[in-house]
Amino acid sequence: VDLSTSIAGVSLPNLFFNASGVWCQHESELKELLNSESGSLITKSATFEYREGNPSPRYVPLPAGSINSMGLPNEGYEYYLNYAKNYDYTNNVKPLFVSLSGLSLQDNVKMVEQFVAADLPCILEINFSCPNVPGKPQLGYDMDAMENALKVLAPIVKKPFGIKLPPYFDIAHFDAVAAIVNKIDNLAFVTCVNSVGNGLAIDFETETALIKPKDGFGGLGGAMILNTALANVNAFHRRLNEGKKVIGVGGVTSGKEAFLHVLAGASAVQIGTQLKEEGPVFFARVKKELEEIMQAKGYKSLDDFRGKVKTL
Ligand SMILES: C=Cc1c(C(=O)O)[nH]c(=O)[nH]c1=O
C-alpha cells in the first residue's frame, strides 16, 4: 500500500510527521525525527527572539491525553533559519516544514521576509493558535485580525504556505474561517487542530493544578481531543476550495485514528502527545498499523478513502 501524499506541491514519502512543538525545539531532536520513519518534520514555532517559555511543570500527560502551557519556548527564528539553510533538500526524501509564531504581525512579517530572502525549499506553517502566551489572545479566534494578517503575509510569502488553526466549535466559525482561507490564493493548507486551549487539570489528592503557568490553565491534546480534531478536519475539507488541503492533528495514538483523520479529509497527519510519550519510534508503529488497516479494507492509496466518510 502507498502512504505517500503531497502538501503545498511537495511530496512526502508518507503522511506522518510531528506536530510543531513536539520533539523539534533543538537540532538534536530534529535529527531523531529525520532518522525516524516519519514522512516529514516541522520545527518548533519560532518567535523573533529566543524564549525560555513558561515555568515548569508546564507539560503533563493525562489519562486520556495531555495538558501543556509551554509558553512558546524556542531558540529564536534565526536558529531555525540556519537549520533550514543547512538542511540537505537533495538527499533527504523528507521535506522540511518551518513553523513561525511571531508575537506580533510585525514580527511575523520580519521573520517571513528573512525566510523569503533565503529562498529555501522549506514549507512555512504560520501558527495562528498558540493559546499559552500570557497576555496574547490567539489570532485564530479573532477573524478580522486573522484575515488582516493573511492579507499582509501571503503576498510576502508568495510561495504556497499553511496556517496552524485552533479548534473551532461552532458551524458559523467553520464557515467564517473557511471563507477567509478561500480568499488567499497561495494559502495551500490548514493544519487542524492546535491544542484545545485553556483546559484545567487538577490532582484529586493534592487538590492542586498539575501545571504551574496560568493558574494551571493549558492546551489539551491527545486522545481526548480526537473527535474535535476529526470535526475540524472534515469541516474544512468540506469547505475549502479545490487544491487547498487539510493536515490533521489531534488524538492520533494508533493507525486507527490516523485512518479516521484521512477518512475525514486529512492529506497529512501530525502527531503531538503520542510522539511526546512514545518517542519517534511511534512513526514506525503508526505506519505499520495504517498499512495493515488499508490492506484489510482493500485500499491501495490514501486517495482511495480520503474525505470519504459516509453520513447517515
Ligand atoms: C506555539 C505555542 C504553542 C504552545 C506552547 O508553546 O505553549 N502549546 C501548544 O499547545 N500550542 C502552541 O501553538
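In each ligand, atom 1 is the first atom listed, and ligand 1 is the first ligand listed.
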Polar contact flag for N132 and ligand 1 (N/O pairs, less than 3.5 Å): yes

Nitrogen or oxygen atoms of L72 and ligand 1 under 3.5 Å apart: yes

Donor-acceptor contact below 3.5 Å, side chain E277 vs main chain T273: no

E29 bridged to K44 by N-O distance under 4.0 Å: no

Contact (N/O only, under 3.5 Å) between K44 and ligand 1: yes

Polar side-chain atom of Y79 near backbone of E27 as donor-acceptor pair, under 3.5 Å: yes

Atoms of ligand 1 close to P73 [distance to a heavy atom under 4.0 angstrom, numbered from 1]: 6 (O)

Side-chain H-bond candidate by donor/acceptor type, N127 with S129, under 3.5 Å: yes

F17 side, atom CZ; I7 side, atom CD1 - distance, nearest 0.5 Å: 6.5 Å

Nitrogen or oxygen of M70 less than 3.5 angstrom from that of ligand 1: yes

Main-chain N/O of N241 paired to N182 side chain as donor or acceptor, under 3.5 Å: yes

N234 (side chain) donor-acceptor with A264 (main chain) under 3.5 angstrom: yes

Ligand 1 contact by G272, heavy-atom criterion under 4.0 angstrom: no

Contact (N/O only, under 3.5 Å) between G219 and ligand 1: no

Mode of N54 contact toward ligand 1 - side chain, backbone, both, neither (heavy atoms, under 4.0 Å): neither

Atom 1 (C) of ligand 1 - nearest protein heavy atom and its distance: N127 ND2, 3.2 Å

Winner among N194, I67, N74 once heavy atoms are compared against atom 11 (N) of ligand 1: N194

Any C130 heavy atom less than 4.0 Å to ligand 1: yes

Side chain, backbone, both or neither: S99 near ligand 1, heavy atoms under 4.0 Å: neither

Expected output: side-chain E257 to main-chain S254 donor-acceptor under 3.5 Å: yes

Best match, S195, G218, G21: closest heavy atom to atom 9 (C) of ligand 1: S195

N68 and ligand 1 - part of the residue with a heavy-atom distance under 4.0 Å: side chain

Region of S45 that comes within reach of ligand 1 [heavy atoms, distance under 4.0 Å]: side chain

Atom of L72, atom of T47 and distance for their closest heavy-atom approach: CD1-CG2, 3.5 Å

Validation row, ring centre Y168 to ring centre Y141 under 6.0 Å: yes

